[in-house]
K.L.:
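Sharing a structure with you now.
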Amino acid sequence: RLETINAMILTIALAILFTALQGFEYVNATFSISDSIYGATFYMATGFHGLHVLIGTMALAVMLVRIVLYHFTKQHHFGFEAAAMYWHFVDVVW
């Protein structure tokens, strides 16, 4: 259980770092969404991915709270599995 909590904290921290770096990149980009097809494609693709990372981060944070509060057992942990599947979908597909 402690290993799971530590792994969740690390995963959430890295997701927050990723989101912060993406925001930094947006602020410092030399182009905008209306400059060219490159700008439009860049912001649409990375923004869509960033949105899914944000949703996944929130889902993992909720699962972390539920783990800490002993809401899951070896037989009853579908919420955690669903959040993990979503997170891996965001990670692998994007």
K.L.:
Indicate, with yes or no, if Leu51 and Ile33 share a hydrophobic cluster defined by side-chain heavy-atom contacts under 4.5 Å among Ile, Leu, Val, Met, Phe, Trp and Tyr.
P.N.:
no

K.L.:
Do Arg1's NZ or CZ and the ring of Tyr70 fall within the cation-pi criteria of under 6.0 Å and 45°?
P.N.:
yes

K.L.:
Are Phe48 and Phe31 linked, directly or through other ILVMFWY residues, by side chains that come within less than 4.5 angstrom of each other?
P.N.:
no

K.L.:
What's the separation between atom OG1 in Thr57 and atom CG in Leu64, rounded to the nearest 0.5 Å?
P.N.:
12.0 Å

K.L.:
Decide whether Met8 and Val65 are clustered together by the hydrophobic rule: side chain heavy atoms of Ile, Leu, Val, Met, Phe, Trp, Tyr closer than 4.5 Å, transitively.
P.N.:
no

K.L.:
Tyr38 vs Phe42 aromatic rings, parallel, tilted or perpendicular, using cut-offs 30° and 60°?
P.N.:
parallel

K.L.:
Please find the pair of heavy atoms, one from Trp87 and one from Ala15, that lie closest to each other, and give the distance.
P.N.:
CH2-CB, 3.5 Å

K.L.:
Going through the distances and angles, do Tyr86 and Leu60 end up as a side chain to side chain contact (heavy atoms under 4.5 Å, CB included)?
P.N.:
CA-CA 10 Å; Tyr86 179 83; Leu60 291 178; over 6 Å; no

K.L.:
Would a hydrophobic clustering, with Ile, Leu, Val, Met, Phe, Trp and Tyr connected at side-chain separations under 4.5 Å, put Val90 with Val62?
P.N.:
yes

K.L.:
Looking at OG1 of Thr4 and NE2 of His77, how far apart are the two atoms once the value is rounded to the nearest 0.5 Å?
P.N.:
10.5 Å

K.L.:
Going by atom types alone, do Thr46 and Tyr26 pair a side-chain donor with an acceptor below 3.5 Å?
P.N.:
yes

K.L.:
What's the spacing between Leu54 CG and Gln22 CD if we round to 0.5 Å?
P.N.:
9.5 Å

K.L.:
Test side chain to side chain contact (heavy atoms under 4.5 Å, CB included) on Arg66 and Phe80; report intermediate values, then the result.
P.N.:
CA-CA 9 Å; Arg66 293 189 69 194; Phe80 178 79; over 6 Å; no

K.L.:
I'd like to know if the side chain of Asn6 reaches the main chain of Glu3, judged simply by a donor and an acceptor atom lying under 3.5 Å from each other, with no hydrogens or angles considered.
P.N.:
no

K.L.:
Return the minimal non-hydrogen interatomic distance between Met63 and Ala83, and the atom names on each side.
P.N.:
CG-CB, 3.5 Å

K.L.:
Would you say Ile67 and Ile16 are hydrophobically clustered, going by side-chain heavy atoms of ILVMFWY under 4.5 Å?
P.N.:
yes

K.L.:
Would the distance check show the side chain of Asn28 and the main-chain N or O of Phe24 forming a donor-acceptor pair, the cut-off being under 3.5 Å?
P.N.:
yes

K.L.:
Would one find more than 12 heavy atoms of other residues, nucleotides or ligands at under 6.0 Å from atom CE of Met44?
P.N.:
no

